[in-house]
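Worksheet: one structure, shown below.
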Amino acid sequence: MISYIVRRLLLAIPVLFGVVTLVFLSLRLMPGDPALIMAGEAAPQEVVERIRQQLGLDRPIIVQYGIYMARLFQGDLGESVRTRRTVSREIGVRFPATLELASASMVIAIVFGLFAGLVSATRQYSLVDYGTMVGALLGISIPVFWFGLMAMWVFSVQLGWFPVGGRGTLRHLVLPAITLGAMSTGMIARMTRSSMLEVMRQDYVRTARAKGLKESVVNVRHAMRNALIPVITVAGLQFGMLLGGSVLTETVFTWPGVGRLMIDSINNRDYPVVQGAVLLIALVFTAVNLLVDITYSVVDPRIRYD
Amino acid sequence: MTERKKSKIKQSRGAFYHAFKGLLRNRSALVGLMMVSVLAVVGILAPVLAPHDPLQRAMRERLTPPSSNHWLGQDELGRDILSRVIHGARISLTIGIVSVGVGMAIGMPWGLLSGFYGGKLDLITQRAIDILLAFPPIILVILVVTMIGPGLWNAMMVIGISTVPAYTRVVRGSTLSLRDMEYVQAARALGASDFRILLRHVLPNVLGPVVVLATLYTASAILTAAGLGFLGLGAQAPTPEWGAMLSRGREYLRVAPHVSAFPGLAIFLSVLGFNLLGDGLRDAIDPRLRGVS
């Protein structure tokens, strides 16, 4: 068990290294002069020069890479070209908002997704099953930004139940969390259903039923426990996706998270902040995936022998 | 034609025939096929079907709600929304075809070679895939589009590249299991070159899962491109791209919700169509892929 975890952690190191390198190269591989692009075409020469020096673009690329890595190990992601604050500070202020939104969406997705999947599987080919699966498919197919806007129009503009945007109270959180969680709810519902149906065909479930156990006991104690194993993977991966996918939801609801910061920074050509935000999201995404793999190996020991 | 050739053709026709028959038996897949067909017809015949010029402005009639002359109303510049949605179908179709084409063109040979030869090549390329998979797809797309510049073609290329890991993984997995099959060994014993084995014996057998993946990824490409358009990183004005149209309508949500509502509905229905079709194809061709999307 420990050796598996150590192996997975060691495998993650080159991936993280590659992620950092790719993010570093993204600015350097940009066509044209990044300093000029950041400063804008009309900027005076000295401003362009200052940005160039600040980013170390006047040095050989390998030296730039060395400096970037050394700074990164100290938690230094550079400085915002626009606000002059450190990138880590800019992101640090916004990250809790993204985490809050992603967590709330995840709770919604797990609660509703699991419930829908279980109900659907235990009543296969019934109207409830069809209805639930159509709902799940709609959740997967609906564009999050359109769903958000339409929900805002109905519940905020027309009915006045929720604020139009921003962050603060629980009421601010409801619409963005439902919007962001719609796709994950659909995914989890579909996965739970197919996993449950597969488990329910197993011999040991038939045995449990043959023993005369109540249907609810068979479903919950025997089938569900094993059916949930693949669901853990999907739910974990979805959480990583929610962190990244919050860009669109945050834009719709002017939610002050990392995604919104990233888009604002793109519009302001503040590329150090864009890089920092992408790096953070990729690192968290990798960490979550790693955690999912390890959890999976804990709940299903067969995986460790693969 | 020799007897052997005849029976081979019959066999391959049989595989697709059964898949198609399976698809026709699936009611929701049929609905998906119909929705995708409508999208294709509307996209191809856009200039004929659109009642107005999608770029024609009429400032006096800006934000007018749906009427008998403009069935879906007019946007913030007085342009006919129905005509723009119809022309947008052509753009969405192009997005789907180009990005899926790019993803397949890179991902399939990569997966074939990686799975067939294995060894160091496989090890290195799989680590490269791991790095690409370490980014949530939309974040990777946003990062690259930001760097190479916004625009519809850039967006399509980058979306296509972001799907390469998925094709590579599926094709590599199938190739790995196929390369030690007896018929592949037999072909090798008969002196067939690696290229011939890959092209004639391995590739046809990995096409099924790839077709399923391509259909499902068309849906996600349309969705991602619309998302980029919404963020201002995809198609630029005045291109009638659904995501960009929706984004501009956002400012007028209080007074003219129809400006955002209809382009969004078009995205939704297109994505739904491809998802329904993809699910049906998956069940008909390869049920093992369940959960891949």
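Among A:Ser26, A:Ala282, A:Gly259, the residue with the largest count of heavy-atom pairs under 4.5 Å with chain B is A:Ser26. Highest contact tally toward chain B, considering only A:Val278, A:Ile140, A:Thr286, is held by A:Val278 [criterion: heavy-atom pairs under 4.5 Å]. For the set B:Leu253, B:Ile148, B:Asn275, the count of heavy-atom pairs under 4.5 angstrom toward chain A peaks at B:Leu253. Contact tally against chain B (heavy-atom pairs below 4.5 Å) for A:Asn267, A:Asn289, A:Ile281: the top residue is A:Ile281.
Of the atoms belonging to A:Ile263, it is side-chain heavy atoms, and not backbone ones, that fall under 4.5 Å from chain B. Heavy atoms closer than 4.5 Å to chain B are found nowhere in A:Leu243, neither backbone nor side chain. Looking at A:Met183, the atoms closer than 4.5 Å to chain B (heavy atoms on both sides) all sit in the side chain, from C-beta outward. With a threshold of 4.5 angstrom between heavy atoms, A:Phe147 does not approach chain B through any atom at all. With a threshold of 4.5 angstrom between heavy atoms, B:Ala219 does not approach chain A through any atom at all.
Residue pairs meeting the salt bridge (Lys or Arg N to Asp or Glu O under 4.0 Å) criterion with at least one member in residues 125-153 of chain B, sequence neighbours excluded, are B:Arg127-B:Asp130, B:Asp130-B:Arg169.
Residues of residues 15-25 of chain A having a heavy atom under 4.5 Å from any heavy atom of chain B, listed by number: A:Val15, A:Gly18, A:Val19, A:Leu22, A:Val23. Of all residues in residues 152-162 of chain A, those placing a non-hydrogen atom less than 4.5 angstrom from a non-hydrogen atom of chain B are A:Met152, A:Trp153, A:Val157. Of all residues spanning residues 133-143 of chain B, those with a heavy atom less than 4.5 Å away from chain A's heavy atoms are B:Leu133, B:Ala134, B:Phe135, B:Pro136, B:Pro137, B:Ile138, B:Ile139, B:Leu140, B:Ile142, B:Leu143, arranged by number.
Closest non-hydrogen pair, A:Pro143 versus B:Ile267, comes out as CG-CG2, 3.6 Å. B:Pro257 and A:Met150 get closest at one heavy-atom pair: O-CE, 4.3 Å. Between A:Leu248 and B:Gly227, the shortest heavy-atom distance links the atoms CD2-O, 3.6 Å.
Here the side chains of B:Thr146 and A:Met262 are not in contact, with every heavy-atom distance at 4.5 Å or above. Using a 4.5 Å heavy-atom cutoff, the side chains of B:Leu231 and A:Ile266 are not in contact. At least one side-chain heavy atom of A:Val252 sits under 4.5 Å from a side-chain heavy atom of B:Phe230.
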Evaluate side chain to side chain contact (heavy atoms under 4.5 Å, CB included) for B:Arg250 paired with A:Thr251, printing each intermediate quantity in order. CA-CA 11 Å; B:Arg250 188 160 60 117; A:Thr251 305; 4.1 Å; yes
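Heavy-atom contacts from other residues, nucleotides or ligands closer than 6.0 Å to CZ of A:Arg8 number more than 12. With a 6.0 Å radius and a threshold of 12 heavy atoms from other residues, nucleotides or ligands, A:Glu198 has its CD atom at or below the threshold. Within 6.0 Å of the CG atom in A:Leu127, the count of heavy atoms belonging to other residues, nucleotides or ligands does not exceed 12.
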